[in-house]
Amino acid sequence: MSAFPQHFLWGAATAAYQVEGGHDVDGKGPSIWDVFAHQPGTTYQGTNGDVAVDHYHRFREDVALMAEQGLQSYRFSLSWPRLFPQGRGEINEAGVKFYSDLIDCLVENNIEPMITLYHWDLPQALQDEGGWENRATAEAFVDYARLCYARFGDRVKLWSTFNETVVFIGHGYITGSHPPSVRDPARAIQACHHVFVAHAAAVKAFRASQVAGTIGFVNVLQTHTPLTHSPADKQAAALADGIWTHWLYDPVLKGEYPAELLAKTQALWNVPQFATGDEALLKENICDFIGLNYYKRETVAANDRQTHLQANHSGERNSGHEFGFKDLFKFVRNPTGVYTDWDWEIYPQGLTEGILQIKARYGDIPLYITENGLGAKDPVIDGEVVDDPRIDYLKIHIDAIEAAMQQGADVRGYYPWSFIDLLSWLNGYQKQYGFVYVDHQNGLARKRKKSFFWYQALIASRGEK
Ligand code: BGP
C-alpha cells in the first residue's frame with residue numbers, strides 16, 4: 001500500500017523558453033533569454049530556444065502524449081513577452097489564444113493545468129528599463145498576472161508566481177551566468193526584494209480576482225551538509241541554509257525576512273531598501289502553497305576565495321562543479337557521494353529531510369514537488385530510448401516523498417522534470433530529462449522512452465512501484 005491519497009496529483013513539468021520555440025512568431029516580443037542566448041559564449045555550444053522542441057506548434061501532439069501517459073496535471077510556464085511584447089501595455093491576442101487553446105486541450109483531456117507565471121523569461125523591454133532592479137517591473141508583473149487570471153482563471157486552479165528565485169537572481173546578479181549577467185550581491189538583494197513585492201502584490205490581486213483556485217511560490221529545495229565537523233564548515237552550511245531556505249521562503253510563508261540575516265545585509269550593503277507599505281504587503285499576502293524543486297544536496301565548506309563558479313555544462317563526469325560565495329561558503333564534492341554526469345549528487349534522503357525541514361519551520365503548508373528529475377545523455381538501443389537510470393532516480397525520490405508523507409507532510413502532487421526533452425538553459429539539448437525523446441535529427445519527432453511507460457504504470461496504480 002502506498003501513502004499516496006486519491007487526490008494526489010501525478011504530473012510532469014516544463015517551462016516556456018525551454019519547450020515552446022516560436023520565439024518571434026505571432027507578435028511575441030523578445031525576452032532576456034532570447035537576447036542573452038544569441039550572444040556568443042553564453043550557452044553550451046551556442047544553443048538557444050528559438051525553436052526549442054516547437055511545442056508552440058505541436059502542443060496538441062504533446063498533450064495527446066500526456067493523456068496517453070495518464071498525466072493528471074501539467075506544470076508549464078507562460079511567456080510574459082508572448083502576452084505583453086513590451087512587458088506592459090498592448091496585449092498580444094495571438095499569445096492569449098495560444099495559451100487558451102493549450103489550456104482547453106489539457107482540460108478536455110482531464111489534465112489539471114498548473115501555471116507558473118514567471119520562469120525567467122522577462123520581457124527584454126522591461127530589462128531595458130532596469131529589470132528587477134526597477135520597482136516598476138513589479139507593477140508590470142501584477143498587470144501581467146491580472147491579465148492571466150482574467151483570461152485563464154475560469155479553467156486554471158493551480159497557480160504559482162515565480163520559479164526558483166535563487167537561480168534567476170543568484171545567477172543573474174551574483175555569478176553572472178544568467179541574464180542580466182550582473183555580479184553584485186547588493187544589487188541581487190534589491191532585485192530579489194522587488195520579486196517578493198511582485199509576488200505579494202500578485203497574490204493580493206489573485207484574491208481580489210476571485211479565481212477559484214490557489215496560488216503559491218516555487219523554490220529550490222536543497223539540503224546542505226558540512227564537509228567536516230569543523231566549526232567553520234558547520235557555520236558555512238548553516239549560512240547556505242540561511243540563504244537557500246530562510247531568505248527565500250520566509251518572505252512568502254511568514255511575510256518577513258529572517259531578522260538576523262536582514263540585519264547583516266543591511267549592515268553590509270544597506271539592502272534591501274523597503275518602500276512604504278512593503279512590510280504590510282508581504283505580511284498580508286502569505287501564499288497558499290509552496291512548490292519544491294529538488295535535484296540534489298550540496299556539501300559545504302568554508303570559503304576564503306572570491307565568489308566563483310565552476311560549472312559542468314558538458315556532462316563530462318568529474319569536470320568540476322564548485323560554487324563559492326566570497327567569505328561565506330563554497331559547495332564542494334562529497335568524497336563519498338554518488339553523482340550524475342553533470343556532477344550533481346544523487347541523494348534522495350535530502351528530499352525527505354528537506355520536506356520535513358520546511359514543515360518544521362513553516363507548519364502544515366500544502367506542498368507540491370514541482371520539479372525533480374535526472375539529466376542524462378540517454379542511450380538509444382535498437383531504436384529504443386532506454387533510460388533505466390532515470391527510472392531508478394525517480395523511484396528512489398518517490399520513496400523519499402512517501403517517507404516524508406508518512407511523517408505527516410502534506411504533499412499534494414509530484415511533477416517530474418520534465419515531461420519532454422527540452423533545452424537545458426546552459427547545457428543545451430544533450431542534457432535530457434524527459435519521458436518523451438525528441439529527435440533533433442529527424443524533424444523533432446517525438447518518441448516515448450522506457451520511463452514513459454514506467455511512469456504510465458505508476459500513475460495507473462497510484463504510486464505502487
Ligand atoms: C531548474 C529549472 C528548470 C530546469 C532544471 C534542470 O533549476 O527550474 O527550468 O532547467 O532546473 O536544470 P538544468 O537544465 O540546468 O539541468
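We count ligands from 1, going down the list as the structure has it; atoms in each ligand are counted the same way. Worth knowing before you read on, the calculation uses all heavy atoms, side chains too, and leaves out hydrogens, waters and symmetry mates.
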Value rounded to 0.5 Å, distance of OH in Tyr144 from CG in Leu78:
4.5 Å
Say whether Trp342 and ligand 1 are in contact under the criterion: heavy-atom distance to a ligand atom below 4.0 Å.
no
Would Arg75 pass as a cation-pi partner of Tyr415, given that its NZ or CZ must be under 6.0 Å from the six-membered ring centre and within 45 degrees of the axis?
no
Please work out whether any backbone atom (N, CA, C, O) or any side-chain heavy atom from C-beta onward of Val220 is under 4.0 Å from ligand 1, and answer side chain, backbone, both or neither.
neither
With a cut-off of under 6.0 Å to the ring centre and 45° to the axis, is Arg361 in cation-pi contact with Tyr249?
no
min-distance protein heavy atom vs atom 5 (C) of ligand 1 -> Tyr295 OH, 3.3 Å
Closest non-hydrogen protein atom to atom 7 (O) of ligand 1, residue and atom name please, with distance?
Glu164 OE1, 2.4 Å
Phe168, portion touching ligand 1 at heavy-atom distance under 4.0 Å:
neither
For atom 15 (O) of ligand 1, grab the closest protein heavy atom and report residue, atom and distance to one decimal in Å.
Asn427 ND2, 3.3 Å
Going by side chain to side chain donor-acceptor pair (under 3.5 Å), name the pairs with one or both residues in residues 13-22, residues two or more places apart or in two chains.
Thr14-Tyr74, Gln18-Trp425, Glu20-Arg82, Glu20-Tyr99
Answer with side chain, backbone, both or neither: which part of Ala15 has a heavy atom less than 4.0 angstrom from an atom of ligand 1?
neither
Top protein contact for atom 3 (C) of ligand 1, by heavy-atom distance:
Glu371 OE1, 3.4 Å
Atom 14 (O) of ligand 1: which protein heavy atom is closest, and how many Å away?
Ser424 OG, 2.5 Å
Compute the centroid of each ring, for Trp344 and then for Tyr393, and state whether the two points are separated by less than 6.0 Å.
no
Per-atom contacts of ligand 1 with Lys431, taking only distances under 4.0 Å to non-hydrogen atoms:
13 (P), 16 (O)
Side chain, backbone, both or neither: which part of Leu426 comes within less than 4.0 Å of ligand 1 when only heavy atoms are counted?
neither
Exercise: identify the closest heavy-atom pair between Ala202 and Ile215
O-CD1, 4.4 Å
